[in-house]
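Throughout, protein chains are lettered first and strands after them, A, B, ... in sequence-line order, and every chain is numbered starting at 1.
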Amino acid sequence: MAKKRGKLQIIHDILSAIRDKGGSIKPTHLLYKSNLSHQMMNDYLSDLIEKQLIEEQSAGKKKSKEYVLSSRGYEYLQEYKKVLSFVENFGLEED
Amino acid sequence: MELLVADMPWWFTFSGIFADFVFAFTALFISLAAYRVYRFTKQRSTAFFTIAFASMSLAYFVQAILHIFVLLGLRQAQMYANLGAAISSFQLSVLAVSFYIFFMIAGVSLLAYICLREKRPETFALFLLVSLVGLIFTSYLMLTFYLLTTIFLSFIAYFYYQRHLQRKTTSSLLIFLGFSLLLLGHFQLAISSLSGWFYLSGQFTALAGYISLLWSLLRVVR
């Protein structure tokens, strides 16, 4: 059975999914890639928008919603290992 | 202990000031690293960790700088038989001790609050208020202060001991060792009234503790 993901891991997985799709992704694609329930994904997306790691935009003729990785989001992905290491080593994980 | 006496050996005085600056910069470095992490995670625990080490860093900086002024004032008093300079030095020294105690207790109690995984702010307020009331009304200020920090550090060290048992990595060992040495250092400082050598060994033990924490941090951020 797969180990339960921590919050930082889930954020990393969401941001990685957006990066791997060229920097922007539709909600349905993200739901599939992130392996989260719809409610949980929306909670995380609100959190990420608040932290300015992603932005919500309308794109295309039909003005469909898309999530775009911000520069801070790219920075998070680069620094992720160090951030995770610091949090885990100093016991700063939060539920 | 914190009040510098004019006829103390110069190496004793300067080693104390040097140690304070090392402690201050180490705590500041840890605080800045934690703040960098907080910028990404926006986690409450990381914010508190940043503030705790910033508070401890400020305590050491203030103490070191004010002790330099005290030393200069005492030298002037000694050279020119200046009573005014001697009294000003005493007042500065009292100010240094008060700042040091407040910011250290705030920092260490906040660390203990984080380690106990407490969510209610009332718990931290309780730690801080009980400590400050005890310090204000005690007749043995420095003994009470170091005993309080020893108690807080024992909970912190135990938390990191349990984490090391779970993780069993070099970094977790260094962090546990760091806080254990700080605990031992503060305990030696608490009993330094028995012998001045405990003051010296306490400072060196605390220095070893901060070096261990710094080393673990460098392993993490590299």
Distance col, row F86(A):CZ vs T46(B):OG1, nearest 0.5 angstrom, shows 7.0 Å
Salt bridge or not for E79(A) and R36(B), using N-O below 4.0 Å? yes
Within a 6.0 Å radius of atom CZ on F124(B), are there more than 12 heavy atoms belonging to other residues, nucleotides or ligands? yes
Does a sphere of radius 6.0 Å around CZ in F21(B) hold more than 12 heavy atoms from other residues, nucleotides or ligands, not counting ones at 6.0 Å or beyond? yes
What are the two closest heavy atoms between E88(A) and R163(B), and how far apart are they? O-NH2, 2.6 Å
With rounding to the nearest 0.5 angstrom, report the CG to CZ distance, N89(A) to F176(B). 15.0 Å
Neighbour count above 12 (heavy atom, 6.0 Å) for Y74(A) OH: yes
Report, as yes or no, whether the 6.0 Å neighbourhood of atom OH on Y80(A) holds more than 12 heavy atoms from other residues, nucleotides or ligands. yes
Just wondering, do F90(A) and Y160(B) contact through their side chains at under 4.5 Å, heavy atoms? yes
Under a 4.5 Å heavy-atom cut-off, does chain B meet the side chain of L84(A), its backbone, both or neither? neither
Out of L92(A), I11(A), D47(A), which one racks up the most heavy-atom pairs below 4.5 Å with chain B? L92(A)
Contact leader toward chain A among I175(B), L213(B), L174(B), where contacts are heavy-atom pairs under 4.5 Å: I175(B)
Spatial distance of atom NE2 (H12(A)) from atom CZ (F40(B)) [nearest 0.5 Å]: 12.0 Å
Please round to the nearest 0.5 Å and tell me the distance separating atom CZ of R72(A) and atom CZ of R39(B). 5.0 Å
Smallest separation among heavy atoms of K51(A) and T41(B), with atom names: NZ-O, 2.8 Å
For chain A, find which of R44(B), Q43(B), K42(B) contributes the most heavy-atom pairs closer than 4.5 angstrom. Q43(B)
